[in-house]
Student: 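The structure that follows is given in the form of structure tokens.
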Amino acid sequence: MYTTLIFFGIFLFPIPAILRCIRRGLNPYNGVLDGVVLVGLGTLMIFIYSSLTANGVAGEMEDAVNASLPVLLQSMPDQETAVRESFDLAISIFPSVVLLAGAVTGYLEYLIFSKFVKNGEKGAWQMAKLREFSWPRNAVYGWLVMFLLSWLTGLTGILDGDLVMVNIENLFQAAFALQGTSLLLMFCFMKRIPKGLAGMVAVLAWIIPFGKSILFLMGIADIMFGLRIRIGAK
């Protein structure tokens, strides 16, 4: 029940921020970021309410895993430990997955709503192409501060430090893998590689083993050393 509410919230929570962004003529990425904040706050409220009235979201997901595990193990009886560890990892990173899904949803909603919602007599800002996206250089330091705060939170014992860190790490890797994807698409654009092929390569990089890690390293290098500027100069 609560997991279903969260999935609906991923689509519904960003809408007020997206509409506000369009009507006020703000930067589209600011609207997406505000939408992610609303997804986070809404999801937090659901987590709190579920823990007070029932077994909590994590407990609900555990019950679903325990119910489906016997069926899954019929086809792989020797993989019980590996399958359970995979489910445990999925439950652990669920909060960060929700935020990332909210970012993707907000991005798509802006593309859709900007075609219909007007900013006075002006049209809405057009979302910049993904190859033009770039985090500010100080974003690296911001994420390092988040890592430090997460580590300190774990030391206090207020929250599960490992759980906090695994979610921060997932967000950190995804954020800079996005930067790496932008760099990859910019490189393909400069080399006049067909858009369809470039998009396929970018998607595969997120799926195949180590592909996302390579994009992550490309993103860090791009921010720290200005690789896209050097590519453009050539």
Side-chain angles (χ1 to χ4, degrees), residues 1-54 56-61 90-120 122-130 132-136 138-139 141-143 145-147 149-150 153 158-160 163-179 181-182 206 219:
M1 172 185 174
Y2 295 108
T3 308
T4 304
L5 286 177
I6 291 174
F7 281 120
F8 276 113
I10 289 172
F11 293 95
L12 297 178
F13 291 145
I15 291 178
I18 297 300
L19 294 179
R20 173 180 173 275
C21 175
I22 294 173
R23 287 171 177 162
R24 295 193 177 186
L26 303 177
N27 187 308
Y29 285 111
N30 287 343
V32 174
L33 182 59
D34 290 344
V36 173
V37 172
L38 291 181
V39 169
L41 291 175
T43 302
L44 178 62
M45 293 299 102
I46 294 174
F47 266 86
I48 293 174
Y49 182 77
S50 67
S51 64
L52 293 176
T53 60
V57 174
E60 182 179 285
M61 296 177 70
I91 293 173
S92 297
I93 65 173
F94 182 68
S96 60
V97 170
V98 169
L99 294 179
L100 294 173
V104 173
T105 302
Y107 180 87
L108 296 176
E109 287 177 345
Y110 187 94
L111 293 178
I112 295 171
F113 292 146
S114 62
K115 296 181 182 299
F116 305 102
V117 180
K118 300 299 181 181
N119 173 21
K122 304 177 183 178
W125 274 33
Q126 294 300 307
M127 181 73 74
K129 293 180 174 61
L130 184 55
E132 299 169 355
F133 173 84
S134 180
W135 293 105
N138 58 8
Y141 306 113
W143 281 104
V145 170
M146 289 184 65
F147 259 106
L149 292 176
S150 302
T153 300
I158 297 174
L159 296 173
D160 187 334
L163 182 62
V164 174
M165 285 298 293
V166 74
N167 280 279
I168 293 296
E169 182 180 354
N170 194 37
L171 291 172
F172 182 81
Q173 187 178 42
F176 290 100
L178 176 63
Q179 180 80 24
T181 303
S182 173
W206 279 79

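Predicted model, so just to flag it, every value in this text is computed and none were measured.
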Student: Please report the interatomic distance CD1(Ile93) to CG(Leu171), rounded to the nearest 0.5 Å.
Tutor: 10.0 Å
Student: Per the salt bridge (charged side-chain N to carboxylate O under 4.0 Å, His left out) rule, what does the pair list look like for residues 4-21, sequence neighbours excluded?
Tutor: Arg20-Asp34
Student: Could you list the residues that satisfy side chain to side chain contact (heavy atoms under 4.5 Å, CB included) with Thr105, not counting sequence neighbours?
Tutor: Ile10, Phe11, Glu109
Student: How about Leu41 and Phe13: do any of their side-chain heavy atoms sit closer than 4.5 Å?
Tutor: no
Student: Return the CG to CE distance between Leu5 and Met45, rounded to the nearest 0.5 Å.
Tutor: 14.0 Å
Student: Locate the shortest heavy-atom distance separating Tyr110 from Ile18; write the atom from each residue and the value.
Tutor: CA-CG2, 3.7 Å
Student: Go through the steps for Gln179 and Ser134 under the test side chain to side chain donor-acceptor pair (under 3.5 Å), then give the verdict.
Tutor: CA-CA 6 Å; Gln179 180 80 24; Ser134 180; 3.1 Å; yes
Student: Parallel, tilted or perpendicular: which fits the ring planes of Phe94 and Phe7, with parallel below 30° and perpendicular above 60°?
Tutor: perpendicular
Student: Which pair of non-hydrogen atoms, one from Leu38 and one from Pro16, has the smallest distance, and what is that distance?
Tutor: CD1-CB, 4.4 Å
Student: If we only count heavy atoms from C-beta on, is the Leu130 to Leu178 side-chain gap below 4.5 Å?
Tutor: yes
Student: I need the Leu26 CG to Leu33 CG distance, nearest 0.5 Å.
Tutor: 12.0 Å
Student: Mind checking what makes side-chain hydrogen bond (donor to acceptor under 3.5 Å, both in side chains) contact with Asn170, not counting sequence neighbours?
Tutor: Ser96
Student: Taking all non-hydrogen atoms of both residues, which atom of Gly35 and which atom of Ala17 are closest, and how far apart?
Tutor: N-CB, 3.6 Å
Student: May I ask you to test the Thr181-Trp206 pair for a side-chain heavy-atom distance under 4.5 Å?
Tutor: yes
Student: Does Ser114 use its side chain to pair, donor to acceptor, with the backbone of Leu111 at less than 3.5 Å?
Tutor: yes
Student: Write down the atom of Pro95, the atom of Asn167, and the distance for their closest heavy-atom approach.
Tutor: CD-OD1, 3.4 Å
Student: Considering only heavy atoms from C-beta outward, does the side chain of Pro14 approach that of Val32 to under 4.5 Å?
Tutor: no
